[in-house]
Enquirer: 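The structure under discussion is supplied below as structure tokens; questions concerning it will follow.
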Amino acid sequence: MARGRKPKINLTIEQQIDLVDAQIKDYKKELSALKAKRKELVAAKDKEELEALFAALKDQGMSAAEAIAKLTQ
């Protein structure tokens, strides 16, 4: 079934500018939320990596101080 065309709405240039400004504002909010989500995910990843590192050190019978000393020799 064929669909009809959308009615063309004639907006003034000022209205178009306002519309674009509103879209930019919405995208900035979305970008901000995405950046916050990314920050949370990176923090969770770092935490997992640290836990894995401490588990590996514990398995080897090493403390964090001993590992630091070996790495800085």
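Residues take their numbers from the sequence shown, with the count starting at 1. In what follows, every heavy atom counts, from backbone to side chain, and hydrogens, waters and symmetry copies are set aside.
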Enquirer: I'd like to know if the side chain of Glu48 reaches the main chain of Lys45, judged simply by a donor and an acceptor atom lying under 3.5 Å from each other, with no hydrogens or angles considered.
Expert: no
Enquirer: Please set out all donor-acceptor pairs under 3.5 angstrom arising from side-chain atoms of residues 21-37, sequence neighbours excluded.
Expert:
none

Enquirer: Determine, using the 4.5 Å side-chain heavy-atom cutoff (strictly less than), whether Ile68 and Leu53 are members of one ILVMFWY cluster.
Expert: no
Enquirer: Quick one: CG on Asn10 to CD on Gln16, what's the gap to the nearest 0.5 Å?
Expert: 9.0 Å
Enquirer: Just how far is it from atom CG of Leu57 to atom CD of Gln60, taken to the nearest 0.5 Å?
Expert: 8.5 Å
Enquirer: Is it the case that more than 12 heavy atoms not belonging to Glu49 sit under 6.0 Å from its CD atom?
Expert: yes
Enquirer: If the condition is side-chain contact (heavy atoms from CB on, under 4.5 Å), which residues does Asp59 pass it with, not counting sequence neighbours?
Expert: none
Enquirer: Which hydrophobic side chains are connected to Ile13, either touching it within the sub-4.5 Å cutoff or through other members that do?
Expert: Ile17
Enquirer: Show your working on side chain to side chain contact (heavy atoms under 4.5 Å, CB included) between Glu66 and Lys70 and close with a plain yes or no.
Expert: CA-CA 6 Å; Glu66 291 170 331; Lys70 277 195 172 191; 6.0 Å; no
